[in-house]
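Residue numbers begin at 1 in each chain, while the letters A, B, ... track the order of the sequences.
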Amino acid sequence: MIGTATPAPARLSARLWLALLIFACFAALPVIAAVTDDPFLLLIGTRILAYAIAAMALDLILGYGAMVSFGHAAYLGFGAYAVAILNSVGVTDLVLHIAFAVTISAVFAAITGAISLRTRGVYFIMITLAFGQMAYFFFVSLSAFGGDDGTPLPARSTLFGSQALEDDRTLFYVALGLLIALFTLATRIVGSRFGRVLIGTRENPVRMEAIGLAPFRYQLTAFVISGCMTSIAGVILANQAEFVSPAFMNWHRSGELIVMVVLGGVGNLTGAIGGAVVALLLEDWLAVLTEHWRLLFGVFLIVMVLYSPHGITGALDRIARGRR
Amino acid sequence: MSLLSVRNLCKTYGALEVTKDVSFDVAPGELHAIIGPNGAGKTTLIGQLSGQIAPASGAVLLDGRDVTGRSMAERVRLGLARSFQITSILPRFTVLENVAVAVQARSGSSFRFFAPVAAEAALNDDAYEVLAKAGLNHRADVRASALSHGEHRQLELAIALATQPRVLLLDEPLAGIGGQEAGAFVQRLAALKGRFATVLIEHDMDAVFALADRISVLVYGEIIATGTPDEIRNDAKVRAAYLGDEEAA
């Protein structure tokens with residue numbers, strides 16, 4: 001079981017405020033980029049937004065459903081390759097790219113989830129890792145799209161026929177809009193009938209069966225929803241990098257997503273978003289300081305896990321309680 | 001016709017026969033107690049009736065329908081619910097939520113993704129009603145993990161009641177509670193009697209003889225006698241195997 005609190009109404013609203021604060025900071029980023037005349041800021045911001053979506057989607061099953069998927073980067077890859085594949089046949093619309101990414105991901109998640117959910121705990125982690133690697137090696141062998149090296153995209157996705165996404169700021173705001181929309185959707189899901197069953201299954205699967213709710217269908221549905229959301233992050237990443245490669249779906253990437261969720265605090269959606277922001281900003285800053293930045297990042301992670309096992313949101317809760 | 005019919009149930013663990021050709025019937029509204037010394041196989045029997053454990057052979061019929069191959073969740077939806085000897089609740093949910101999710105399980109689809117479940121008045125109203133029957137309505141908004149042991153037992157009962165069972169399997173509902181609390185609990189069970197058929201496993205003999213319409217005595221996985229409380233009290237075999245020890249003490 002993953003140790004998290006069921007979001008009580010009062011606490012959820014505090015988390016909601018934190019999420020709104022993060023969204024407001026994001027919304028102000030293009031202004032800062034314009035003032036400081038730093039065009040890379042927007043690209044970094046878009047990348048963070050994409051990972052925030054992916055981490056939040058992972059938290060939906062990891063935090064609320066106790067399903068630790070170690071293969072979630074596969075869905076980033078499906079999203080990215082959906083853009084490349086449709087582009088190659090002349091379909092350039094963002095909405096169609098997203099629709100295609102979500103469809104492939106739903107099929108893959110339904111099949112691999114149905115098999116993975118026969119296992120529990122560390123076996124679930126291993127089997128999702130194995131499926132993720134299978135997807136990775138599939139795209140490595142896909143020579144039409146550059147195989148191991150990947151392939152550059154001739155252009156970004158179009159938005160209802162316009163080339164608006166070629167502007168970094170527009171792409172950034174579209175990504176922010178998607179994050180906010182998916183956060184709203186995920187928040188609704190965890191507070192719904194379905195969400196209550198999912199959380200109940202995390203708490204005590206035998207009890208859920210004994211009231212007539214066999215966990216499998218609910219867990220699988222959550223797994224599929226999470227995979228589909230993650231693929232939308234992949235569509236954004238491909239557009240941000242204007243490049244797709246199997247590196248998007250390497251198992252390291254799956255591990256980084258888990259780190260983001262745990263760093264932010266599992267089981268409250270906002271934490272995963274915050275975790276993605278902090279992890280990627282630290283990565284950028286530490287990389288400037290030293291080429292051995294991973295070592296410093298490792299130290300930071302150890303300190304966080306030791307002193308704030310419930311992540312950033314857990315630490316903020318403690319500070320809030322201390323003040324009262 | 002009997003509502004629950006258990007036919008020639010057998011179960012072995014290795015060389016150990018934990019359930020030996022067990023058959024009994026429970027009529028609608030009847031409370032059928034199963035007593036027996038520790039290790040007689042009572043909880044294993046409940047496990048087979050509820051679908052948690054598969055029997056080696058034999059059949060469980062609910063209202064004439066063979067449910068032996070059905071899962072626990074399917075049996076609950078058909079009206080065969082159980083409570084656990086060791087309290088099994090959702091510790092981080094409130095008391096109300098623990099019961100409301102059981103109400104939700106039998107009323108409408110749980111594949112609803114948008115409407116806030118906490119605001120569903122119909123679920124909460126039903127849950128409050130059930131909590132009142134179990135004597136827990138004043139604790140509705142407390143986290144389930146914060147309840148006392150006795151209150152946990154009440155919540156365990158409330159969750160089972162919330163599924164609206166036609167047959168309720170109660171596995172030692174009084175486990176670990178004593179004195180006045182036990183008396184109040186027995187009164188609550190007595191008030192519920194007749195609304196559904198019940199299979200009761202219980203060590204508290206005062207409770208069993210006060211509540212049961214009929215009693216089956218299970219010894220080493222085998223039913224050695226079935227009858228009314230008076231018949232069981234006066235059965236020579238039962239006295240020798242089980243009750244005798246208590247009266248001699």
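Both the backbone and the side chain of B:Ala102 come within contact range of chain A, judged by heavy atoms closer than 4.5 Å. Contact annotation for B:Leu78: neither backbone nor side-chain heavy atoms come within less than 4.5 Å of a heavy atom of chain A. With a 4.5 Å cut-off on non-hydrogen atoms, B:Glu120 touches chain A through its side chain but not through its backbone.
Atom CD in B:Gln104 sits 7.5 Å away from atom CD1 in A:Ile211 (nearest 0.5 Å). Atom CZ of B:Arg106 and atom CG of A:Leu213 lie 12.0 Å apart (nearest 0.5 Å). Distance check, rounded to the nearest 0.5 Å: CE of A:Met208 to OG of B:Ser88 gives 10.5 Å. Note that the CD1 atom of A:Ile225 and the CZ atom of B:Phe113 stand 4.5 Å from one another [nearest 0.5 Å]. With values rounded to the nearest 0.5 angstrom, A:Arg207 atom CZ is found 5.5 Å from B:Phe84 atom CZ.
A distance-only check finds no donor-acceptor pair linking the side chain of A:Asn204 to the backbone of B:Leu90 [under 3.5 Å]. Between the A:Arg193 side chain and the B:Ser109 main chain, a donor and an acceptor come within less than 3.5 Å of each other.
With respect to A:Glu209 and B:Arg82, no salt bridge is recorded, no charged nitrogen being found less than 4.0 Å from a carboxylate O.
Checked against side-chain hydrogen bond (donor to acceptor under 3.5 Å, both in side chains), B:Thr87 has the following partners two or more places apart in sequence or in another chain: B:Arg153.
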